[in-house]
Protein chains: 2
Amino acid sequence: MKKYLNDEPSCAVDYAFRRIGGKYKGRILWYLHVNTILRYGELRKKLHDITPKMLTQTLRELEDDGLVNRKVYHEVPPKVEYSLTETGKELIPFIDYLKQWGDKQIAKENSKL
Amino acid sequence: MKKYLNDEPSCAVDYAFRRIGGKYKGRILWYLHVNTILRYGELRKKLHDITPKMLTQTLRELEDDGLVNRKVYHEVPPKVEYSLTETGKELIPFIDYLKQWGDKQIAKENSKL
DNA sequence: CTGCATCCAAGTTGATACTG
DNA sequence: CAGTATCAACTTGGATGCAG
């Protein structure tokens with residue numbers, strides 16, 4: 001994650017956006033909110049249009065940012081579970097709100113057709 | 001803006017993210033929330049690191065998405081004012097929340113140094 | 001003052017094949 | 001099962017100059 005330092009009052013808004021602004025981050029956080037715990041393969045199925053590379057990359061970024069936990073089971077076959085951290089959970093109300101807003105906008109668009 | 005249609009439950013989250021996920025959109029919405037009305041040049045000063053091209057481009061996207069109003073005064077010199085639409089205002093609680101979260105995270109990071 | 005046009009650089013995502 | 005590696009394509013942002 002890039003550095004970010006300036007004296008703008010909205011600095012924090014920008015900061016937050018960069019942490020959750022990836023193409024799939026919103027959806028991953030949402031799925032982990034709804035399901036609490038998901039394995040790598042389960043996330044892959046839910047995000048049906050994601051490549052393994054992007055999924056791994058995105059999960060690593062979220063992990064580095066302290067938003068998700070990664071729990072590895074050293075077994076055969078391997079098993080890795082992902083879940084929200086406390087910090088990640090703090091974002092849920094916000095994602096909830098965003099989802100409601102999105103639903104509303106989509107409904108509005110459909111009613112125009 | 002690209003089409004987006006699938007049957008995922010989190011569809012709306014993704015939809016919303018694409019509408020406010022640009023590099024400067026969060027900040028612009030925030031400034032328009034705090035100041036209510038801003039002229040092109042004022043926004044440019046506040047977003048001191050933005051180029052005119054990006055500012056115009058971003059404002060057009062927000063306008064097309066129905067989040068900001070653009071009011072042109074046909075005078076010399078020209079004058080253009082931007083403000084939030086009703087739909088745009090609905091995003092404010094969300095941006096507020098996000099800002100608080102961001103401030104908190106930044107404080108946390110600083111305390112670790 | 002408020003932009004638009006052009007060209008280019010950088011960053012982000014995708015496709016495909018392969019591994020412990 | 002859960003990833004990595006490599007390369008290509010796409011998207012976004014920046015620099016500069018000009019215009020109504």
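Only a predicted model underlies this, so the values are computations on that prediction, with no experimental measurement involved. Heavy atoms only: backbone and side chains are in, while hydrogens, waters and symmetry mates are out.
Side-chain polar atoms of B/Arg27 and B/Tyr31 form no donor-acceptor pair below 3.5 angstrom. In this model, a donor atom of one side chain and an acceptor atom of the other lie less than 3.5 Å apart for A/Thr87 and B/Lys108.
Using a 4.0 Å heavy-atom distance criterion, A/Tyr24 is classed as a sugar-phosphate-only contact. Among the atoms of the strands shown, only primed sugar atoms or phosphate atoms (P, OP1, OP2) are found under 4.0 Å from some heavy atom of A/Tyr82.
One atom, CG of A/Leu55, and another, P of C/dG14, lie 12 Å apart when rounded to the nearest Å. The separation between B/Glu81 atom CD and C/dT2 atom P is 10 Å, rounded to whole Å. C/dG14 atom P lies 7 Å from atom CG of A/Asp49, rounded to whole Å. Atoms NZ (A/Lys53) and P (C/dG11) sit 15 Å apart, rounded to a whole Å. C/dT2 atom C1' lies 14 Å from atom CD of B/Glu63, rounded to whole Å. Straight-line distance from the NE2 atom of A/His74 to the C1' atom of D/dG3: 14 Å, rounded to whole Å. Per the geometry, CZ belonging to A/Arg27 stands 12 Å off P belonging to C/dT13, to the nearest Å. Here C/dG11 presents its P atom at 14 Å from CD of A/Glu61, a figure rounded to the nearest Å.
Set against C/dT13, D/dA2, C/dG3, the side chain of A/Pro78 has D/dA2 as its closest nucleotide.
The phosphate of D/dC1 (OP1 or OP2) has no side-chain N or O of A/Arg44 nearer than 4.0 angstrom. For B/Arg39 and C/dC1, the shortest distance from a side-chain N or O to OP1 or OP2 is not below 4.0 Å. In this structure, A/Lys23 reaches the C/dG14 phosphate: one of its side-chain N or O atoms is under 4.0 Å from OP1 or OP2. Under 4.0 angstrom from either OP1 or OP2 of C/dC4 there lies at least one side-chain N or O belonging to B/Arg60. Dashed line: the shortest gap from a side-chain N or O of B/Arg70 to OP1 or OP2 of C/dG3 is under 4.0 Å.
Across the interface with DNA chain D, nearest-nucleotide mapping of A/Val80 and B/Met54 shows A/Val80 to be the residue nearer the 5′ end.
Residues A/Glu61 and A/Lys25 are paired through a salt bridge, judged by an N-O separation under 4.0 Å between the basic side chain and the carboxylate. A salt bridge does not link B/Arg60 to B/Asp64: none of the charged nitrogens lies less than 4.0 Å from a carboxylate oxygen.
The cationic atom of B/Arg19 (NZ for Lys, CZ for Arg) lies less than 6.0 Å from the six-membered ring centre of B/Tyr15 and within 45° of the ring axis.
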